[in-house]
Amino acid sequence: MRNTNTIEMSSQAQLTFQQIKSRELEAKDSRLSSPSLAASYTNEKEVTLIYDGSFNGFLTAVFMAFEERLNIVDIQRNGQAQNGLFSETETVFTNVEKAKRVWNGVRKKSYNAISNIYFAFLSETEGVEMLCFDYIKKLMASKDKQKDYSDETMLYIAQLARKVGREKHRMEAFVRFQLTKDNIYFANIEPDFNVLPLISKHFRKRYADQQWLIYDVKRRYGIFYNLEGVEIVSLNLDEIHFNRTRKSKAFSDTEYNYQELWNNYFQSTNIKSRINRKLHTQHVPKRYWKYLSEKKVS
């Protein structure tokens, strides 16, 4: 008998959302075992839920689906919604208390599962909401189901979570701060996934005595630490601050002096005869170079 707990999540097991969705159409009768969320699907009316794009909004949609026993065919973000031919749409208003009940119910079942769901959600993969919704249904309906990687949905969510986790660790390593004239350490990033919520804790602990701001260029929002707490901010940047030899008026002269010292150290410790560019790009992908001070270009 095959032990599904030992199945490796290799690249050969990669699945597409379309394959999973087509094979999961019959799974409409799952039940949440948590007392606060338990409900069965008895409503045959097909419904598409529209939420605000936040994780709390998604969890509220999950709560609404089970509380009202809705037959959910899709969960879509506001502004990206597409009307189905045979389904009705309902707008979900984010409710933190309801979101907490779903979070606590899933975490009680499995801490690793709620982590996988959150990380996968931050991947922003097309159709990830329905994948996470199916994952929750299967998790709550069966014991240890989250470890069954023979299940396509469970496997795919775990794969997404691992990708987001790797990107989180890269951002924690590759963020390069620059001191502004306002005495705030500023850094641009452009991650593949929405990892700002995941790296906040790391930088809050590491730079607790400094004001800093990390801005996601791709998603146009940032996190700002003001020595007391972290808050989400939006900026109207006239210029994206790459690490170039040309100086910007936004940063202090002292900052460029330190960057010059760092670059000199970086060059002096480099052993040309031992350069392995293939290995280097494997550990430091080129897409991050434009934000690294040691990779300055004119």
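When reading the values below, keep in mind they use all heavy atoms of this one structure, side chains included, and skip hydrogens, waters and symmetry mates.
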Report task. Salt-bridge test for Glu167 and Lys163: reply yes if a basic N is under 4.0 Å from a carboxylate O, no otherwise. Result -> no

Query raised in the report: Ala208 and Tyr225: which non-hydrogen atoms are nearest, and at how many Å?
Result: O-OH, 2.9 Å

Report task. Indicate the atoms forming the closest heavy-atom contact of Ala99 with Thr60, along with that distance. Result -> CB-OG1, 4.0 Å

Query raised in the report: Side-chain contact, heavy-atom cut-off 4.5 Å: Lys98 with Met64?
Result: no

Query raised in the report: Pick from Arg219, Lys218, Arg220: which one makes a side chain to side chain donor-acceptor pair (under 3.5 Å) with Asp216?
Result: Arg219

Do [X] and [Y] have side-chain atoms, one donor and one acceptor, less than 3.5 Å apart?
X      : Y      : result
Asn95  : Glu97  : no
Glu190 : Tyr291 : yes
Thr94  : Asp52  : yes

Query raised in the report: For the rings on Phe177 and Phe203, is their centre-to-centre separation under 6.0 Å?
Result: yes

Requested in this report: Determine, using ring centers only, whether Tyr207 and Trp212 are less than 6.0 Å apart.
Outcome: no

Query raised in the report: Does the ring-ring contact (aromatic ring centres under 6.0 Å, His included) test come out yes or no for Phe133 and Phe66, once each step is laid out?
Result: CA-CA 11 Å; Phe133 181 58; Phe66 285 97; 5.6 Å; yes

Query raised in the report: Should the pair Lys286 and Trp289 be classed as cation-pi, given the thresholds of under 6.0 Å to the six-membered ring centre and 45° from the axis?
Result: yes

Query raised in the report: Would you call the rings of Phe121 and Tyr51 parallel, tilted or perpendicular if under 30° counts as parallel and over 60° as perpendicular?
Result: tilted

Requested in this report: Please step through side chain to side chain donor-acceptor pair (under 3.5 Å) for the pair Ser252 and Thr254, ending with a clear verdict.
Outcome: CA-CA 5 Å; Ser252 67; Thr254 305; 4.6 Å; no

